[in-house]
2 protein chains.
Amino acid sequence: MVTYSPIVTDDDLVFKALADPTRRILLDLLFQRDGRTLKDLESGLEMTRFGVMKHLKILEDAGLVVTRRSGREKLHFLNPVPIRMIHDRWIDKYREREVSALIALKAELEEKDRS
Amino acid sequence: MVTYSPIVTDDDLVFKALADPTRRILLDLLFQRDGRTLKDLESGLEMTRFGVMKHLKILEDAGLVVTRRSGREKLHFLNPVPIRMIHDRWIDKYREREVSALIALKAELEEKDRS
DNA sequence: TTGACAGGTGACTAAATGGTCACCTATAGT
DNA sequence: ACTATAGGTGACCATTTAGTCACCTGTCAA
């Protein structure tokens with residue numbers, strides 16, 4: 001039998017978790033490559049291990065990061081579900097197309113700007 | 001000539017703005033119905049006018065809310081672009097389908113649960 | 001033109017948050 | 001066995017943030 005881990009994400013925990021730049025960098029790192037250890041993540045940041053650990057705990061409590069133990073290591077994975085739920089809260093199906101198009105347009109204009 | 005207001009949203013301002021529950025309720029209110037005044041929004045919250053105003057300023061600085069003056073009133077509108085950009089930061093095109101499907105599945109299971 | 005109304009500012013307090021450290025537990029490898 | 005390594009906890013301090021208030025500006029309508 002398959003059990004699904006609590007996708008149930010308390011709103012507040014998710015948004016509070018995303019509010020810190022260090023934690024967003026951690027998500028970026030996990031977006032690049034999943035399954036990293038604390039040591040690994042720590043090395044990319046100018047902060048003590050304790051700081052990083054605290055941040056990872058907050059991300060985990062929010063459900064943005066899920067973990068798996070492997071021996072004495074703890075592997076971290078990005079869970080995109082809460083992110084999508086933020087999106088769905090304020091962007092309905094009809095607006096989605098417009099917004100994406102607008103962002104694409106903006107990117108295009110900025111591209112032209114650079115050349 | 002048309003000038004586009006700064007869609008350029010400093011990351012940090014957006015995430016910090018979203019971190020507060022009152023501000024998320026304000027976005028919910030504007031998602032329901034756009035073009036509200038401060039007075040209007042204030043009446044839906046248990047907080048002084050000053051508190052609400054401060055929150056609206058933070059949302060506006062983040063680009064999540066755009067405003068237009070009309071006489072002595074200030075009308076507030078929800079801008080979904082920054083929300084979509086959060087989404088795009090951690091959910092790539094390929095993952096998008098999976099994640100949406102997973103959320104739909106979850107909603108379906110919860111629906112069954114209730115019946 | 002005067003009074004009511006919508007919005008705005010700067011200062012202040014209480015609470016929450018980020019970061020560090022001393023100290024602890026568990027696993028790996030020799 | 002024992003030493004190095006990966007991870008974990010609770011207390012602590014500095015900074016940031018939410019909320020309120022006294023006071024101010026601009027617009028509407030009788």
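FYI, side chains are in, hydrogens and waters are out, and symmetry mates aren't considered; it's all heavy atoms of this structure. So you know, we letter chains A, B, ... as the sequences are listed, proteins then strands, and number each from 1.
- Backbone-only engagement by B/Lys16 is indicated by non-hydrogen atom pairs under 4.0 Å involving sugar-phosphate atoms exclusively.
- Nearest-nucleotide assignment on DNA chain D puts the 5′-proximal partner with B/Thr48, out of B/Thr48 and B/Ser70.
- B/Arg49 places its CZ atom 14 Å from the C1' atom of C/dG10, with the value rounded to the nearest Å.
- When each of A/His55, A/Arg49, A/Lys57 is checked for a side-chain contact (heavy atoms from CB on, under 4.5 Å) with A/Met53, only A/Arg49 meets the rule.
- With respect to A/Glu98 and B/Arg84, no salt bridge is recorded, no charged nitrogen being found less than 4.0 Å from a carboxylate O.
- Distance, B/Met53 CE to D/dG26 P: 15 Å, rounded to whole Å.
- The residue among A/Met47 and B/Lys54 whose nearest nucleotide of DNA chain C is located toward the 5' end is B/Lys54.
- Taking atom CD on B/Glu73 and atom C1' on D/dC28, their separation rounds to 10 Å, with Å as the unit.
- Contact annotation for B/Gly51: base contact, defined as any heavy-atom pair under 4.0 Å involving a base atom.
- One interatomic measurement links the two molecules: CG of B/Leu56 to P of D/dA18, which rounds to 13 Å at whole-angstrom precision.
- Atom CG in A/Asp20 sits about 11 Å away from atom P in D/dT17, given to the nearest Å.
- Contact of A/Lys57 with D/dG8 (side chain to base): no donor-acceptor pair of N or O atoms is detected under 3.5 Å.
- For B/Arg69, the listed nucleotide lying nearest its side chain is C/dG8; candidates were C/dC21, C/dG19, C/dG8.
- Rounded to an integer number of Å, the gap from B/Glu42 CD to D/dT20 P is 11 Å.
- The pair A/Asp28-A/Arg24 fails the salt-bridge criterion, with no side-chain N (NZ, NE, NH1 or NH2) lying under 4.0 Å from an Asp/Glu carboxylate O.
- One finds no salt bridge joining A/Asp10 and A/Lys16 here, because no Lys/Arg side-chain nitrogen approaches an Asp/Glu carboxylate oxygen to under 4.0 Å.
- Residue A/Arg72 places no side-chain atom within donor-acceptor reach of the base of D/dG8, judged by atom type and a 3.5 Å distance cut-off alone.
- Between B/Leu75 atom CG and D/dT27 atom P the separation is 15 Å, expressed in whole Å.
- A residue-by-residue look at A/Ala19 and B/Lys39 shows that B/Lys39 has its nearest nucleotide of DNA chain C further toward the 5' end.
- The distance from atom NE2 of A/His55 to atom P of C/dG18 is 6 Å, rounded to the nearest whole Å.
- In the set C/dT20, C/dG7, D/dA18, the nucleotide with an atom closest to the side chain of B/Ile58 is D/dA18.
- The pair B/Glu110-B/Lys106 counts as a salt bridge, with a side-chain nitrogen and a carboxylate oxygen less than 4.0 angstrom apart.
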